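First the structure, in the form of structure tokens, and then the observations on it.
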Number of protein chains: 2
Amino acid sequence: MDHTVLHDLPLFNGFSSDELKDVIKKASLFRVEKGAYFYHQEDPADRAFVLLKGRVKLSQLTPDGQKIILRIAAPVQVFAIVAVLPAKEYPVSAEAIEDCEALSWSQNELQIISTAYPIFTSNAMDLMARYLQDFQTLFLQLATERVEQRLARILLRLHDLIGLDTEDGIFLDMPLTRQELAEMCGTTLSTVSRLLSSWEKNAIVRSGRAKVFIKDILALKAIADY
Amino acid sequence: MDHTVLHDLPLFNGFSSDELKDVIKKASLFRVEKGAYFYHQEDPADRAFVLLKGRVKLSQLTPDGQKIILRIAAPVQVFAIVAVLPAKEYPVSAEAIEDCEALSWSQNELQIISTAYPIFTSNAMDLMARYLQDFQTLFLQLATERVEQRLARILLRLHDLIGLDTEDGIFLDMPLTRQELAEMCGTTLSTVSRLLSSWEKNAIVRSGRAKVFIKDILALKAIADY
DNA sequence: CGGAATGTTGACAAGGCTCAACCGAAGTGG
DNA sequence: CCACTTCGGTTGAGCCTTGTCAACATTCCG
């Protein structure tokens, strides 16, 4: 395993090449196929991951079975960082929505890394603080914006995360159903479908079965910031 | 300053009395009067606080001026823990809604404490993880529940935080306007007023100008878990 | 007393949800 | 290769919750 994959991760900020090699030596490689889970909500949080290949859907279930998607992780991103803390549970479930590969460290190994490299702890905390802030922003948007704006924002975020330029516009390189988009913005399949249809009429997007192209990103931004 | 005030704070878990005394010696005492601010959103985050007296409203503004209240802090609670991280900004504003006193440490002092007591860092991280989880729960509720349930939940949380038994029912010991309740559950003043009125008809609460008594907490729980 | 906050209530509109019927594409098995 | 099933998507009707706007009442406070 090439240590350079970790090089630009904020979590390993301040690590030298040798240190990264050492950290990688401690890692295990996990393969999880499409549809399977890395872990489930409320399992004891005993492993953290760095995604190398595929996409992971991080979602949470309500007591009555509704789901919301909190985040989609793409390579090369960290997830389940909560595992650095002892005696926690995973707050979300992590499902592979494509065939995935990830590096993983057990809580024990994370403990060892923390002790050997004190900066690791503060990097982890920094990461957590960033998530916290992202959440506050999301929360604010959910509380104050209409579905239309929220969906536009989500497409824009996906654009940054996984947008691919094609002659048909910017392709969002991930199989996303209407249902999943709905779970990302706290609404229903029908509403998402209606919005995408109406945007398609205005040549803002083009969308089909589990795929979306963005044709007019400025219009989308205008909707988001309306 | 009596060091025992810090004794039960998760942030100082694992500190001996002597260590707590040392930590307190490094603190400054802040007084902030009702209506004034400890800090504003987007100020550089250079101080953390432990509230000793009064209440603090932690709120966030949208670009277009809407406000939501993320948390009300009561004694003895920590806020602005994000200040342990260098080069961050406060993600919220902190307004004293009563005359307040708080212990405070500068980022420098926090740095020194972290170095002297490694457990402090992990306590801080733990605290952050807890906030993160609380947020995810809040987020989920906001996304999936109706205003009625959310308001009921908020009253129940306030009950745990600041409920006082009286002959008139359980008094929520804090001046909270309809507007503020609305900002806590992401809705409008009118809707809160209507809900409280209708609950008053059913003898679930009694409420007046900036005050609320809970008369039937079971009914409230039933609404929350509906 | 007068003005500023705060709260109540009604009328109305709209956004979004539910339910349901229907369509089309993709996959599957004989 | 065709028939069938499954999955994902679209769309309409109706309704409910909630937001908006506005007038008015009540309480507080200087």
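Being a predicted model, the structure only gives us computed values, none of them experimental. As a basis for the values below, the full set of heavy atoms in this structure was taken, side chains included, without hydrogen atoms, waters or symmetry mates. Throughout, protein chains are lettered first and strands after them, A, B, ... in sequence-line order, and every chain is numbered starting at 1.
- By the 4.0 Å N-to-carboxylate-O rule, B:Arg153 lies close enough to B:Asp225 to be salt-bridged with it.
- Mapped onto DNA chain C by nearest heavy atom, A:Lys211 and B:Arg178 fall at different nucleotides, with B:Arg178 at the one closer to the 5' end.
- Not one side-chain nitrogen or oxygen of B:Thr187 sits closer than 4.0 Å to the OP1 or OP2 atom of D:dT18.
- As a whole-Å value, the separation of B:Gln179 CD from D:dG19 P is 12 Å.
- Between A:Val147 and B:Thr177, it is B:Thr177 whose nearest contact on DNA chain C lies nearer the 5' terminus.
- Taking the six-membered ring for Trp and thresholds of 30 and 60 degrees, B:Phe30 and B:Phe49 have ring planes more than 60 degrees apart, a perpendicular arrangement.
- Contacts with DNA chain C (heavy atom under 4.0 Å) in residues 60-69 of chain A: none are found.
- A side-chain contact (heavy atoms from CB on, under 4.5 Å) with B:Lys57 is found for one member of B:Lys67, B:Met174, B:Glu98, B:Met184 and no other, namely B:Lys67.
- Taking side-chain N and O atoms only, B:Thr188 has a distance below 4.0 Å to OP1 or OP2 of D:dG19.
- Under the side-chain hydrogen bond (donor to acceptor under 3.5 Å, both in side chains) rule, A:Arg178 has a single partner from A:Ser190, A:Ser193, A:Ser207, which is A:Ser207.
- Neither side chain, B:Asp168 nor B:Thr166, offers a donor N or O lying under 3.5 Å from an acceptor on the other.
- The stretch residues 190-209 of chain A touches DNA chain C through A:Ser190, A:Thr191, A:Arg194, A:Arg209, each having a heavy atom within less than 4.0 Å of the strand.
- For the helix from C:dC1-D:dG30 to C:dG30-D:dC1, the terminal axes (five pairs an end, C1' atoms, rotation from four pairs onto the next four) enclose an angle of 40°, given to 10 degrees.
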